[in-house]
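Side-chain atoms are counted along with the backbone in the values below, which use heavy atoms only and exclude waters and symmetry mates.
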Amino acid sequence: MSRIAYVNGRYLPLAEAQVRVEDRGFQFGDGVYEVVYIHRGRFLDEDRHLDRLHRSLGELRIDWPVKREVLGGILREVVSRNRLRGAALAYIQITRGAARREHVFPPPTSPTLVVTARALPPYPRDPDSWATRIITGPDQRWARCDIKSVNLLPNVLAKQAAREAGAFEMAMIDSDGMVTECASSNIWIVDASGHLRTRALGHEILPGCTRGALAALLGDEKLTLSETAFSLDELRGAREVFITSATSFVRPITAIDGAPVADGAVGPVTRKLFSAFARHAKGDLPNEV
Ligand code: PDD
């Protein structure tokens, strides 16, 4: 069965789904996106994703292409037409639309809306088999990383460098030597003093929906979070490191630049949070806290 995509009001086989050559997403990267995890038809943290989409659109002054409730319906229709019954991902891309190429905003144009979905492997069974490695490198992105824009070139290059080094992600370091986030995930540590830390929200990082959902679960786990930036040295000296995203969930990091994190095994806090998020993702806990 061929995959089905939604493009501007039509459901089409992926091979026939197209946007225009003068689409500003293609010409300028003038657009935003979201990636939502779906567990047996249930959209995880859907409100968080649609709230963030609303914010990204607002920051770039792009109109909603359809009402928010209508987008919810389109997402479900794409999942259903692709017969995705297990673990899956939905991608939403919205651009400022197609218009004669000029940098300035065009006269009122309909935004472009694309929704696609695809199957994912089943939810990871245990944190040990889900653990992975990262490398570190400079953060080469722009000054508004809080907007989930489709301009992902530095992220693409970072992820490729990681892949070529046999790692899954790159933790990016700002010009002050502090860690921002990874190429497509947020990063957390349990520091040498035992404090759970992740960088505070600001223009330097994406406000991850997984980050937000996990932070809301910490009280139940009797854990407190310190939202403070940490340096590359603190990252290297951490007791535990993990990343979060819609596709990584809570993913333990057991090596950085080829050196083990602590003794190289998944630590107790990461283990606890892997389980707490698994319950959240699979629906044993309320979707939004
Ligand atoms: N990436 N930081 C960056 C730069 C990201 O691209 C992502 C998500 C995150 C985590 O956000 P969330 O928890 O809402 O997924 C943090 C998605 C998965 C992607 O681009 O594929």
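- Atom CD1 of I173 is separated from atom CG of L235 by 6.5 Å, given to the nearest 0.5 angstrom.
- When each of R48, Q93, R52, K148 is paired with E34, the side-chain hydrogen bond (donor to acceptor under 3.5 Å, both in side chains) condition holds for R52 and for no other.
- Note on Y11 and L113: same hydrophobic cluster, where clusters join Ile, Leu, Val, Met, Phe, Trp and Tyr whose side-chain heavy atoms are under 4.5 Å apart, directly or indirectly.
- Follow the hydrophobic side-chain contacts under 4.5 Å out from V19 and you never reach Y33; the two are in separate clusters.
- Between the side chain of R133 and the main chain of F168, no donor-acceptor pair closer than 3.5 Å is present.
- Ion pair R236/D257 flagged as a salt bridge, since at least one NZ, NE, NH1 or NH2 atom sits closer than 4.0 Å to an Asp/Glu carboxylate oxygen.
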Acceptor/donor pairs from residues 58-66 side chains to any protein atom, 3.5 angstrom cut, sequence neighbours excluded:
residue	atom	partner	partner atom	Å
E59	OE1	R144	NH1	3.4
E59	OE1	R144	NH2	2.9
W64	NE1	H54	ND1	2.8

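- Between R199 and D174, at least one side-chain nitrogen of the basic residue sits less than 4.0 Å from a carboxylate oxygen of the acidic one, meeting the salt-bridge criterion.
- Taking CG of L157 as the reference point, atom CZ of R141 lies at 12.5 Å (rounded to 0.5 Å).
- The number of heavy-atom neighbours closer than 6.0 Å to CZ of R40, taken from other residues, nucleotides and ligands shown, is 12 or below.
- With salt bridges taken as basic N to acidic carboxylate O contacts below 4.0 Å, none links D23 and R96.
- In this structure, F249 has its ring center closer than 6.0 angstrom to the ring center of Y37.
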**Report entry** Worked check of salt bridge (charged side-chain N to carboxylate O under 4.0 Å, His left out) between D128 and R271
**Finding:** CA-CA 9 Å; D128 302 290; R271 235 171 244 293; 2.8 Å; yes
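- Side-chain atoms of T95 do not come within 3.5 Å of backbone N or O of D30 as any donor-acceptor pair.
- Between D51 and R68, at least one side-chain N (NZ, or NE/NH1/NH2) sits under 4.0 Å from a carboxylate O, which counts as a salt bridge.
- Here E240 does not pair with R197 in a salt bridge; the nearest charged N to carboxylate O distance is not below 4.0 Å.
- F242 contributes atom CZ, which lies 9.5 Å from atom CD1 of I187 (distance to the nearest 0.5 angstrom).
- Expressed to the nearest 0.5 Å, how far CG of D139 lies from OG1 of T180 amounts to 3.5 Å.
- For residues 151-172, the pairs satisfying side chain to side chain donor-acceptor pair (under 3.5 Å) are S149-N151, K159-E169, K159-S184, Q160-E164, E169-S184, E169-S185, with sequence neighbours left out.
- Remark: R81 CZ to R76 CZ distance equals 15.5 Å, nearest 0.5 Å.
- Residues forming a side chain to side chain donor-acceptor pair (under 3.5 Å) with N82 (at least two apart in sequence, or on another chain): none.
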